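As structure tokens, the structure follows; a few thoughts come after it.
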Amino acid sequence: MTEIQTVRDFLSALEALDVDRALGFAAPGMVYQNVPLPPARGLPAVEKTLRAMTRYGTGFEARLHNIAANGPVVLTERTDVLEAGAWRAEFWVCGTFEVHDGRITLWRDYFDWTTFLAASAKGLGGLLRTKLLSPRAAAR
């Protein structure tokens, strides 16, 4: 399996909210970081982070725009979509992955906080519209 295919399969497992399958692509010493937040170091910390994502989130999509590899380093340019019930946020992400012996040793995502916060606010607006326009809310 190529480094690019490993990353694609990893993201696909996350889209399916299948943490166990995703962790099958992770090296024991994997580091995961959303820059500038502190990194999750080691498989237990990465697993805790991913399980929290599936505990609170109800959907994830990684729309790949570009993916390229230079040896073990895989770069992705994508739009990530996070969902939690009726809340939905879409925002641009650039990700760096390092893959060694078929396992991801590093996953570092970079995104613009302003764009993320704007997408979150837009998602909150959609959530409020859904709640306010629901038949149950209209009956009140």
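Please read these numbers as outputs of a predicted model, since none were measured by experiment. Index from 1, following the sequence.
Listed for the Glu15 side chain is a donor-acceptor partner under 3.5 Å among the backbone atoms of Ala62. No donor-acceptor pair under 3.5 Å is formed between the side chain of His100 and the backbone N or O of Thr105. The backbone N or O of Val73 lies less than 3.5 Å from no partner atom in the side chain of Asn70, so there is not a single donor-acceptor pair.
Taking CD1 of Ile4 as the start and CD1 of Ile67 as the end, the distance is 5.0 Å to the nearest 0.5 Å. Distance CH2/Trp107 to CG/Asn34: 7.0 Å, rounded to 0.5 Å. To the nearest 0.5 Å, the span separating CZ on Arg103 from CG on Leu23 amounts to 10.0 Å.
At least one side-chain heavy atom of Trp87 sits under 4.5 Å from a side-chain heavy atom of Leu82. Inter-residue side-chain proximity for Arg55 and Leu50 is flagged as unmet; no heavy-atom pair is nearer than 4.5 Å. Residues His65 and Thr79 meet the side-chain proximity criterion, which asks for heavy atoms closer than 4.5 Å. Proximity of Thr58 to Arg88: side-chain heavy atoms (C-beta onward) are nowhere separated by under 4.5 Å.
For the pair Arg63 and Glu90, the salt-bridge criterion is met [side-chain N within less than 4.0 Å of a carboxylate O].
There is no path of hydrophobic side-chain contacts, each under 4.5 Å, that joins Tyr56 to Val46.
When all heavy atoms are compared, the tightest approach of Asp109 to Gly95 is OD1-CA, 3.3 Å. The shortest non-hydrogen separation linking Ala16 to Arg21 is CB-NH2, 3.6 Å.
Ring pair Phe10/Phe97 is perpendicular by interplanar angle, where above 60° counts as perpendicular and below 30° as parallel.
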